[in-house]
Each structure stands twice: as C-alpha cells, then as structure tokens.
A.B. asks: 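My questions all concern the structure below.
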Amino acid sequence: MTVKTIAIAADHGGVELKSAIISALKDRGIEVFDFGTNGSESVDYPDYAQAVAKSIVDGQSEAGILVCGSGIGMSIAANRFPEVRAALAHDRLSAELCRQHNNANVLCLGARIVGDAKALDCVDAFISTEFEGGRHALRVAKMS
C-alpha cells in the first residue's frame, strides 16, 4: 500500500507507542493526522477508533493505525464501520497478510503485547505491502 496520509489514534494504554509510530511515519514523508489521546488519563477507546474510521470514510486519510493496550478493543470498534477493515497484528507476517489477503486499511496494535521494535516492523509491513486481489478480492467484497 502506498499511502500519503494516515490517521492514527490511541487510548491511554498506547500513547507512547503512538508517538514512536508517528515519528517513524513522518520520517518516511507520510502525512499523519493524530486524533489523540496524548496523555495517561483513562479514556474510552471507541471514541478514538471512531475518529480514525471517520477520517477514512470521509477521505481525509487513506489508512489508519490504532493502538490500545491489547489492540482488540480498537479493532472491534473500528470494524463497526462498513468501509473499514481493521486488523490486529502481532508480528510482521500478520501485518503483511492482513494487507495481502484482506486489504486491511486499519492496523491495530497492542502496546502491552508488542514492543516498540516489533510494532514499528508491523507498521512497515502494513504500509509497504500491497493487496494481492484475485481470489482475495472476491472474499473482501463479501464483507462490504
């Protein structure tokens, strides 16, 4: 996926990892829309997943990244939007496959599950892997 714009958000459990990801994306020349949160005060992750999903639906962003403690809540919340295919990844292979086979447009990460290095590897795989199409396109179409 060659992207120029990415929306990103995190809850209180993913703030530090979100900052590292933003820095890495900007270093690659990608425009980042940061939808928060920016502190350790407890917040509700569905609000942040919704902000990223709306950015994609409205065409402001081509893709999104969501970070919470496990990544599970964010992926469930983001997938409430028919235009969003949010995938939880724990390693480079899962990030590649979510793009190749599922045409995922939102990457979800668990800050308490993966370390910074592994998370940044997932982000690299997500933004550099293309959708294979073919038989996978038929399957993805059934989800829309």
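Just so it is clear, the values below take in all heavy atoms, side chains as well, and ignore hydrogens, waters and symmetry mates. Source: prediction; values computed, not measured. Numbering of residues begins at 1 and proceeds along the displayed sequence.
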A.B. asks: Tell me whether V43 shares a hydrophobic cluster with L66, the cluster being built from Ile, Leu, Val, Met, Phe, Trp, Tyr side chains joined at under 4.5 Å.
C.D. replies: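 Yes, V43 and L66 fall within the same hydrophobic cluster.
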
A.B. asks: If you look only at distance, which donor and acceptor atoms sit under 3.5 Å apart when one is on a side chain in residues 48-60 and the other is two or more places apart or in another chain?
C.D. replies:
| from | atom 1 | to | atom 2 | distance (Å) |
| --- | --- | --- | --- | --- |
| S55 | OG | Q60 | OE1 | 3.0 |
| S55 | OG | S61 | OG | 2.5 |

A.B. asks: Should T2 and E62 count as side-chain neighbours, where that means a heavy-atom distance under 4.5 Å?
C.D. replies: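 Sidechains of E62 and T2: no contact.
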
A.B. asks: Is V15 isolated, or which residues cluster with it under the ILVMFWY side-chain rule of less than 4.5 Å, directly or via members?
C.D. replies: none

A.B. asks: Could you name each residue pair satisfying side-chain hydrogen bond (donor to acceptor under 3.5 Å, both in side chains) that touches residues 74-90, not counting sequence neighbours?
C.D. replies: none

A.B. asks: Might you point out which heavy atoms bring A125 and E96 nearest each other, and give the distance in Å?
C.D. replies: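 The pair with the smallest heavy-atom distance is CB-CG, 3.7 Å.
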
A.B. asks: Only one of I65, L17, I30 clears side-chain contact (heavy atoms from CB on, under 4.5 Å) with V123; which?
C.D. replies: I65

A.B. asks: Would you please name every residue forming a side-chain contact (heavy atoms from CB on, under 4.5 Å) with C122, sequence neighbours left out?
C.D. replies: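 C122 satisfies side-chain contact (heavy atoms from CB on, under 4.5 Å) with A89, A95, L107, L109 once adjacent residues are dropped.
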
A.B. asks: What ring-ring contact (aromatic ring centres under 6.0 Å, His included) pairs are there with at least one residue in residues 14-39, not counting sequence neighbours?
C.D. replies: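 Those involving residues 14-39 do not exist here.
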
A.B. asks: Using the side chain to side chain donor-acceptor pair (under 3.5 Å) criterion, which residues pair with N38? Sequence neighbours excluded.
C.D. replies: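 Residues passing side chain to side chain donor-acceptor pair (under 3.5 Å) with N38: K18.
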
A.B. asks: Kindly compute the distance separating OG1 (T5) from CD (E31), expressed to the nearest 0.5 Å.
C.D. replies: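 One finds 6.5 Å between OG1 of T5 and CD of E31.
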
A.B. asks: Not counting sequence neighbours, list each pair that qualifies as a salt bridge (Lys or Arg N to Asp or Glu O under 4.0 Å) and has a residue in residues 4-16.
C.D. replies: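 Sorted pair list comes back empty.
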
A.B. asks: May I have all residue pairs that pass salt bridge (Lys or Arg N to Asp or Glu O under 4.0 Å) and include part of residues 105-129, sequence neighbours excluded?
C.D. replies: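 Non-adjacent pairs meeting salt bridge (Lys or Arg N to Asp or Glu O under 4.0 Å): R28-D124, R92-D121, R92-D124.
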
A.B. asks: What's the shortest heavy-atom distance between G71 and C108, and which atoms?
C.D. replies: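 Here G71 and C108 meet closest at O-CB, 3.8 Å.
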
A.B. asks: Mind listing the closest non-hydrogen atom pair of A20 and L120 along with its distance?
C.D. replies: O-CD2, 3.9 Å

A.B. asks: For T129, is there any backbone N or O sitting under 3.5 Å from a side-chain donor or acceptor partner on R99?
C.D. replies: yes

A.B. asks: To the nearest 0.5 Å, how far apart are OH in Y45 and CD1 in I76?
C.D. replies: 6.5 Å

A.B. asks: I need the full list of ring-ring contact (aromatic ring centres under 6.0 Å, His included) pairs touching residues 93-116, with sequence neighbours left out, sorted by first then second residue.
C.D. replies: H101-H136

A.B. asks: Quick check: do I21 and V67 have side-chain heavy atoms less than 4.5 Å from each other?
C.D. replies: yes

A.B. asks: V106 and M143: same hydrophobic cluster, using ILVMFWY side-chain contacts below 4.5 Å?
C.D. replies: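 Cluster IDs for V106 and M143 differ.
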
A.B. asks: Mind checking side chain to side chain donor-acceptor pair (under 3.5 Å) for S94 and listing every partner two or more places apart, or none if nothing turns up?
C.D. replies: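 So S94 forms a side chain to side chain donor-acceptor pair (under 3.5 Å) with D91.
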
A.B. asks: With sequence neighbours left out, write down each residue that passes side-chain contact (heavy atoms from CB on, under 4.5 Å) with A63, or none if nothing qualifies.
C.D. replies: M1, V3, I6, F126

A.B. asks: Which residues pass the side chain to side chain donor-acceptor pair (under 3.5 Å) test with N102, not counting sequence neighbours?
C.D. replies: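 Per chain and number, N102 pairs via side chain to side chain donor-acceptor pair (under 3.5 Å) with no residue.
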
